[in-house]
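We use all heavy atoms of the structure for the numbers below, so side chains are in, but hydrogens, waters and symmetry mates are not.
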Amino acid sequence: MNLRARIDLAVALAAVVASVGLGLLTWMDREDWPLHLPPRVLALLLIFLLLDRALHRLVRRPAREHSQALRRLALQDSLTGAVNRRGFMDRLAQVQHQQALLSLVMIDIDHFKGINDRHGHAAGDGVLREVAARLRRQMRCADLLGRLGGEEFALLLPATDLAGAQAQAELARQALRREPMAIAGTVTASFGVAQWDGSESAADWLHRADLALYEAKRRGRDQVSLSGART
């Protein structure tokens with residue numbers, strides 16, 4: 001049942017409850033009513049409780065769930081299921097207020113344009129989905145995978161120092177190249193790793209990881225490069 005139908009049902013139910021309530025008022029407006037509270041007050045309380053429960057089940061709760069689902073969709077990349085750039089940047093800003101030990105891994109699929117050129121864009125989309133799936137299998141429960149655009153992904157690693165993030169990135173690199181993909185054969189990626197310095201902005205932190213990623217590509221791709229401290 002969609003939200004509009006639920007609202008219509010709630011309105012109809014409210015009318016029924018109101019009609020029943022008027023009947024209760026008439027029935028309880030008698031001299032032999034046994035309770036101490038005025039019968040009209042009790043009837044109004046009963047009507048209010050019934051209406052509130054009906055509105056919660058039929059309108060408020062579905063509306064809240066619908067709003068939450070729309071927010072999740074707005075922050076999710078529809079192709080890979082990863083968090084999109086907006087959602088990922090929001091999360092970066094949030095965790096910087098909660099934890100002191102954080103690392104970030106930037107990931108860029110090597111020669112992705114060539115995959116599209118040789119196999120077509122549908123195959124390229126399949127590669128993106130498979131890359132995201134393989135990255136997820138290497139993640140811990142607290143880690144977050146984002147797709148920042150095109151063939152570029154990022155991993156947010158809470159409670160992880162630079163050495164730990166390097167190890168995680170290396171596991172992910174091996175997971176991508178270990179088995180050829182049926183769609184496009186062996187696919188590799190380059191990785192840039194940066195530990196948050198405790199004070200820099202999310203944009204500056206991301207930029208440092210991005211510079212490390214480009215260094216990995218400059219050195220020949222299919223490898224992990226580390227960012228030094230911010231200068």
Side-chain angles (χ1 to χ4, degrees), residues 69 72-92 95 102-195 205-227:
R72 284 194 298 271
L73 287 174
L75 300 178
Q76 186 179 56
D77 174 54
S78 59
L79 178 64
T80 65
V83 174
N84 63 22
R85 186 180 188 91
R86 174 187 167 191
F88 194 83
M89 295 303 292
D90 286 350
R91 185 60 180 158
L92 283 190
V95 296
L102 298 162
S103 288
L104 182 64
V105 180
M106 293 290 289
I107 307 159
D108 192 86
I109 301 172
D110 296 328
H111 305 297
F112 185 71
K113 182 177 183 301
I115 294 173
N116 278 331
D117 291 343
R118 288 193 305 273
H119 304 284
H121 288 280
D125 287 348
V127 167
L128 291 170
R129 284 191 292 267
E130 180 62 20
V131 165
R134 294 190 186 189
L135 291 173
R136 281 195 198 90
R137 288 197 286 269
Q138 303 301 316
M139 290 166 52
R140 304 164 303 178
C141 292
D143 299 341
L144 180 69
L145 175 65
R147 182 185 176 201
L148 303 191
E151 66 271 29
E152 191 172 59
F153 293 85
L155 277 172
L156 173 62
L157 307 177
T160 308
D161 61 11
L162 190 64
Q166 180 183 16
Q168 285 287 101
E170 182 60 27
L171 287 174
R173 186 190 71 82
Q174 294 176 16
L176 291 184
R177 73 166 352 269
R178 184 178 300 122
E179 293 183 26
M181 297 184 187
I183 306 167
T186 299
V187 173
T188 66
S190 301
F191 296 76
V193 182
Q195 181 180 338
W205 181 23
L206 195 71
H207 180 63
R208 282 201 301 116
D210 213 29
L211 291 177
L213 168 65
Y214 281 110
E215 177 62 17
K217 286 191 171 291
R218 188 190 67 79
R219 292 188 342 222
R221 296 182 170 84
D222 187 24
Q223 56 189 280
V224 176
S225 179
L226 305 183
S227 171

Could you grab the distance from atom CG of D210 to atom CE of M106, nearest 0.5 Å is fine? 4.0 Å
To the nearest 0.5 Å, what is the distance between CG (L213) and NE2 (H207)? 12.0 Å
Measure the shortest side-chain to side-chain distance between L155 and L104 over non-hydrogen atoms and say whether it is less than 4.5 angstrom. no
Residues in side-chain hydrogen bond (donor to acceptor under 3.5 Å, both in side chains) contact with R221, at least two apart in sequence or another chain: none
T186: what forms a side-chain hydrogen bond (donor to acceptor under 3.5 Å, both in side chains) with it, not counting sequence neighbours? none
Roughly how far, to the nearest 0.5 Å, is the CG atom of L162 from the CG atom of L226? 5.0 Å
Tell me, which pairs form a salt bridge (charged side-chain N to carboxylate O under 4.0 Å, His left out) where one or both residues lie in residues 182-193, sequence neighbours left out? none
CG of L92 to CG of L102: how many Å apart, nearest 0.5 Å? 8.5 Å
Please give me the minimum heavy-atom distance between L144 and F88, naming the atom from each residue. O-CE1, 3.7 Å
Only pairs at least two apart or in different chains count here, so list each side chain to side chain donor-acceptor pair (under 3.5 Å) that has a residue in residues 148-165. R140-T160
Donor-acceptor contacts under 3.5 Å from residues 168-182 side chains, at least two apart:
unit_1 : atom_1 : unit_2 : atom_2 : d
E170   : OE1    : R173   : NE     : 3.2
E170   : OE2    : R173   : NE     : 3.2
E170   : OE2    : R173   : NH2    : 2.6
E170   : OE2    : Q174   : NE2    : 3.0
R173   : NH1    : D222   : O      : 3.3
R173   : NH1    : D222   : OD1    : 3.0
R177   : NE     : D222   : OD2    : 2.8
R177   : NH2    : D222   : OD2    : 3.2

Sequence neighbours left out, cut at 3.5 Å: what donor-acceptor pairs do the side chains of residues 116-127 make with other protein atoms?
unit_1 : atom_1 : unit_2 : atom_2 : d
D117   : OD2    : K113   : NZ     : 2.9

Q223: which residues meet the side-chain hydrogen bond (donor to acceptor under 3.5 Å, both in side chains) condition with it, sequence neighbours left out? R219
Return the set of residues passing salt bridge (charged side-chain N to carboxylate O under 4.0 Å, His left out) with E130 (not counting sequence neighbours), or none when no residue passes. R134, R137
Partners passing side-chain contact (heavy atoms from CB on, under 4.5 Å) against A82 (at least two apart in sequence or in another chain): T80, R136, L145, R147
Does any non-hydrogen side-chain atom of L148 lie less than 4.5 Å from one of N84? no
Taking it one step at a time, do L75 and R86 satisfy side chain to side chain contact (heavy atoms under 4.5 Å, CB included)? CA-CA 6 Å; L75 300 178; R86 174 187 167 191; 3.9 Å; yes
Restricting to non-hydrogen atoms, name the atom on A165 and the atom on V105 that form the minimum distance, rounded to 0.1 Å. O-CG2, 4.2 Å
Answer whether the closest heavy-atom distance between the side chains of F153 and L128 falls below 4.5 Å. yes
To the nearest 0.5 Å, tell me how far L156 CG sits from M89 CE. 11.0 Å
Could you list the residues that satisfy side-chain hydrogen bond (donor to acceptor under 3.5 Å, both in side chains) with D110, not counting sequence neighbours? T188, S190, K217
If you round to the nearest 0.5 Å, how far is OG of S227 from CZ of R208? 4.0 Å
